[in-house]
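In the text below, chain A, chain B and the rest are named by the order of the sequence lines, each starting its count at 1. Basis for what follows: all heavy atoms, side chains included, without hydrogens, waters or symmetry-related copies.
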Amino acid sequence: MTELSNPIPDRAPRSQWRDVWDQFKTHKGAVMGGVIFLLIVAVVFIGPLVWPYDATYIDIRSRNQGASFAHPLGTDQLGRDTLARMMAGGQTSVSVGITAMLLALFLGSLVGVVSGYFKRLDGLLMRLTDLFLALPLLPLLLVMVLLFREPLNTAFGPETGIFILIVGAIGLTSWMPTARIVRGDVLALKEREFVLAARSIGTNNVNMILRHILPNVMSPIMVSATLGIANAIITESALSFLGLGFPPDFPTWGRLLFDATDYLQQYPERVFWPGVAISLTVLSVNYLGDGLRDALDPRIRGR
Amino acid sequence: MLTFTIRRLVLAVPTLLFISLVIFLLLELAPGDPMAQVPLTVPPEVKERMREALGLGQPVHIRFFKWLVQFFWIEPQVLIDNLFGTALSEGKLRVLSWQTRSPVMDIVVQRMPQTLWVVGMSYVVGVLIALPIGIYSAYRQYSVFDQVGTFVSMIGFSVPPFFSGVFVIIIFSVQLGWLPSIYDTTHKVVDWDTFVTQLRQMVMPVMVLALQTTAQLSRFMRASMLDNLNQDYVRTARAKGLSESTVVLVHVLRNSMIPVVTVIALGVPAIFGGAIITEQVFKVNGIGQLLIGAIQANDLPMVQTLTFIFAVLIVLFNLIADVLYGILDPRIRYD
C-alpha cells in the first residue's frame with residue numbers, strides 16, 4: 001500500500017454541486033434558458049414598481065392605441081396600458097406556476113418516498129397513482145374550477161380564492177410522474193450500503209428519510225420541478241383561455257390572450273404579446289430542465 | 001399473453017368503477033342548481049316535482065347505481081338495437097341531458113365524427129411527419145438537421161395550442177385570407193370543389209394538433225433509434241454486407257419501433273383531451289366543445305358521461321399499449 005503524500009488533504013474535495021455546475025455551463029441552451037427565465041421573472045416582479053401605469057387604470061380617451069413612446073405595447077379597448085397588464089398578468093402566471101409546482105412536488109415526493117420506503121404502503125399508494133393517471137385531467141380540472149369557485153370566493157375573497165383553487169387543482173392533478181420517479185429511486189437507494197450503515201448506528205425512519213434518502217433523490221425532483229413549472233403555466237393559461245380561470249379584471253397571460261381573440265381582426269398584435277410571453281417562459285424552463293437533467297446525471301457528466 | 005390480457009381487462013373494471021364514482025361524487029358537490037333558471041313565481045312544490053323529474057329526488061347511492069345501469073346496461077342495448085334493428089331498450093330510461101332533454105349518447109354520436117375527423121387526421125399526420133424526422137435525426141446525430149429538429153420539437157412542446165392556433169388564424173385567415181378561420185361542420189363533401197373546401201378548413205386545426213404530436217413522437221423516435229444504432233447486431237448486419245438502407249430501415253427501425261408504437265397508443269386519449277382547446281379555437285363542434293358547453297350550462301349528466309368516456313379511452317389505450325408491448329417485444333414476459 002503506497003503512502004499518501006499528504007494524509008490530510010489541504011484542499012476540500014470538489015463538491016458534487018460544483019461538478020453539476022461545470023456540466024450545466026457547457027449546455028448553451030440551458031444557460032440561455034435559465035437567464036431568460038430569470039429575466040422574465042425579474043421584469044414581471046420589478047417592472048410594475050418602476051412603470052408609471054397601473055394594470056387596472058382605465059383611461060378611456062387613449063383606448064385602442066398602437067405602440068407609442070408612452071405605451072410601448074399599446075393600450076386595450078378600455079385604454080389600459082398593455083405593458084402594465086402584461087407584467088401584472090405575468091406575476092399571476094409565474095406565481096401560479098411556481099406555487100402549483102411546489103405543491104405537486106411536495107405531494108409527489110411525499111407519495112414517492114413513502115411508497116418506496118415503506119413496503120406495506122407501496123401497493124396501495126401506487127394503485128392510487130395509477131388511478132390518478134387514468135383520470136381525464138383537463139375535463140376534471142374544468143369541473144373542479146366550476147364547482148369550487150363560488151365557495152372559495154366567498155371564503156377567501158375573489159382573488160385569493162381563485163388563486164388557491166387553481167394552484168390546488170393543478171397541484172392535485174400533476175404530482176403523479178414525480179411520485180413514480182422518486183419511488184423508483186428510493187427503492188434503489190434503500191438497498192445501498194450507506195443506508196445499512198446508517199441503520200446499524202440506530203438512525204430512525206424519519207432521520208433516515210430526511211438526512212439520507214431525500215438529499216439523494218434531489219436531482220430527479222429538481223428536473224421534475226422545471227417541467228412542473230412549464231406544465232402549470234400552460235395549464236393555468238389553458239383554463240383562463242377557456243374562460244374558466246381568473247376573473248376578467250384580474251389579468252393573467254392566458255386571460256389576456258383570451259380577451260384579445262375578440263379583437264383578432266382589428267388588433268392582431270394583442271394576441272401576440274401574451275402568447276409570446278407564455279411560449280418564451282415555457283421554452284426557457286424546458287431548456288433549463290433539459291440542461292439540469294444532463295448536469296445531474298452522473299453518467300453523462302464529465303463527458 | 002392471453003391470460004395477461006384477460007387479467008388486465010378484469011382489473012380495468014374496478015378501476016373504471018372507481019373513476020366513475022370519483023367523477024360522480026365530485027359532481028355531487030356542485031353548488032349549481034338546475035332549477036336556478038326557473039322563475040321565482042313557480043311554487044316550491046312544483047319545483048320539487050321538477051327536480052324529481054330530473055332524477056334528483058333520491059339519495060346519492062341510488063342515483064349513482066341508476067347511472068351505472070343506464071350507462072352500462074341500457075346504452076349498450078340501444079347500440080344493439082340500432083345495429084340489428086331489435087327492440088331491447090324499448091321504453092327504458094336512458095341517460096338524459098338536462099340541456100336538451102334528449103339522450104346524452106345520441107348527442108355524443110352526433111358530435112363524434114367532427115372530433116374523429118380533425119383529431120384522428122391530425123394524429124395520423126403527426127405520426128407520419130414525426131417518424132422520418134426522428135429516424136433521420138438519430139442517423140445523423142448532432143448534424144444541423146438534428147439541431148433544428150430538436151429546436152422545432154422544443155417549440156412544439158412549449159407553444160400551447162391556444163396560441164399556435166390563434167397565431168395561424170392571424171397569419172393565414174386575417175392577414176393572407178387563404179384559409180377560413182371557422183370550421184364549418186355542416187359542410188358536405190360531394191364533388192371536387194367541396195372536397196377542396198373541406199381540405200382548406202381542416203388544414204389549420206390538423207396542423208396545430210399535429211405540431212404537438214410531432215414534437216413528442218420525433219423526440220421519442222430519435223432516442224429509441226439512438227439506443228439501437230450502437231448495438232452489436234447492427235455491426236453484424238453491416239459486416240454481413242447488407243446495404244445501409246436495409247440495416248437502418250429494416251433491422252434498426254423494426255426494433256426501435258417497439259417502444260414508439262406503445263407511445264403512439266398511449267398518446268391517443270391525451271390528444272382527445274388536447275383537442276378540447278383546439279376545438280374551442282377553431283369553433284369545431286366536437287366532443288370537447290360539447291363538454292365545455294355542458295360545464296358552463298351545469299348539465300351534470302352530460303359532464304359525467306363525457307368525462308367518463310375520456311376515462312374509458314385512457315384505461316383502454318393503456319391496456320392496448322401494454323399488450324402491444326408484450327406482443328411486439330419477445331423479451332418481455334408477463335407471466
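The minimum heavy-atom distance linking A:Leu283 with B:Met154 is given by the pair CD1-O, 3.6 Å. Counting all heavy atoms, side chain and backbone alike, A:Pro139 lies closest to B:Ile295 at O-CD1, 4.4 Å. The shortest heavy-atom contact between B:Ile314 and A:Leu133 is CG2-O, 4.0 Å. Across every non-hydrogen atom of B:Ile277 and A:Ala238, the tightest pair is CD1-CB, 3.6 Å. Counting all heavy atoms, side chain and backbone alike, A:Leu257 lies closest to B:Phe162 at CD2-CD1, 3.3 Å. Here the shortest heavy-atom pairing between A:Ser279 and B:Pro160 reads OG-CD, 3.9 Å.
Within 6.0 Å of the CE atom in B:Met207, the count of heavy atoms belonging to other residues, nucleotides or ligands does not exceed 12. For B:Phe145, the CZ atom counts as densely surrounded, since its 6.0 Å shell holds more than 12 non-hydrogen atoms of other residues, nucleotides or ligands.
Residue contact with chain B, scored on non-hydrogen atoms closer than 4.5 Å, is absent for A:Asp130. If you measure heavy-atom distances from A:Phe272 to chain B, the contacts under 4.5 Å come from both the backbone and the side chain. Contacts of A:Leu280 with chain B are absent, with no heavy-atom separation under 4.5 Å from either backbone or side chain. Heavy atoms closer than 4.5 Å to chain B are found in both the backbone and the side chain of A:Ser237. Heavy atoms closer than 4.5 Å to chain A are found in the side chain of B:Ile169, but not in its backbone. For B:Val315, the part lying near chain A is the side chain, with the backbone staying farther off; criterion is any non-hydrogen pair under 4.5 Å. For B:Phe157, the parts lying near chain A are the backbone and the side chain together; criterion is any non-hydrogen pair under 4.5 Å.
Once rounded to the nearest 0.5 Å, the distance linking CD1 of B:Ile292 with CG of A:Leu138 reads 7.0 Å. Here the straight-line distance linking atom CG of A:Leu131 with atom OG1 of B:Thr15 works out to 6.0 Å at 0.5 Å rounding.
The shortest side-chain heavy-atom distance between B:Phe151 and A:Tyr287 falls under the 4.5 Å cut-off.
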For a side chain to side chain contact (heavy atoms under 4.5 Å, CB included) check, start with the C-alpha distance between B:Phe163 and A:Val276, then their side-chain angles and the critical distance, and finish with the verdict. CA-CA 8 Å; B:Phe163 179 49; A:Val276 164; 4.2 Å; yes
Checking side chain to side chain contact (heavy atoms under 4.5 Å, CB included) for the pair B:Val281/A:Phe241: CA distance, chi angles, key distance, verdict? CA-CA 9 Å; B:Val281 172; A:Phe241 184 78; 3.6 Å; yes
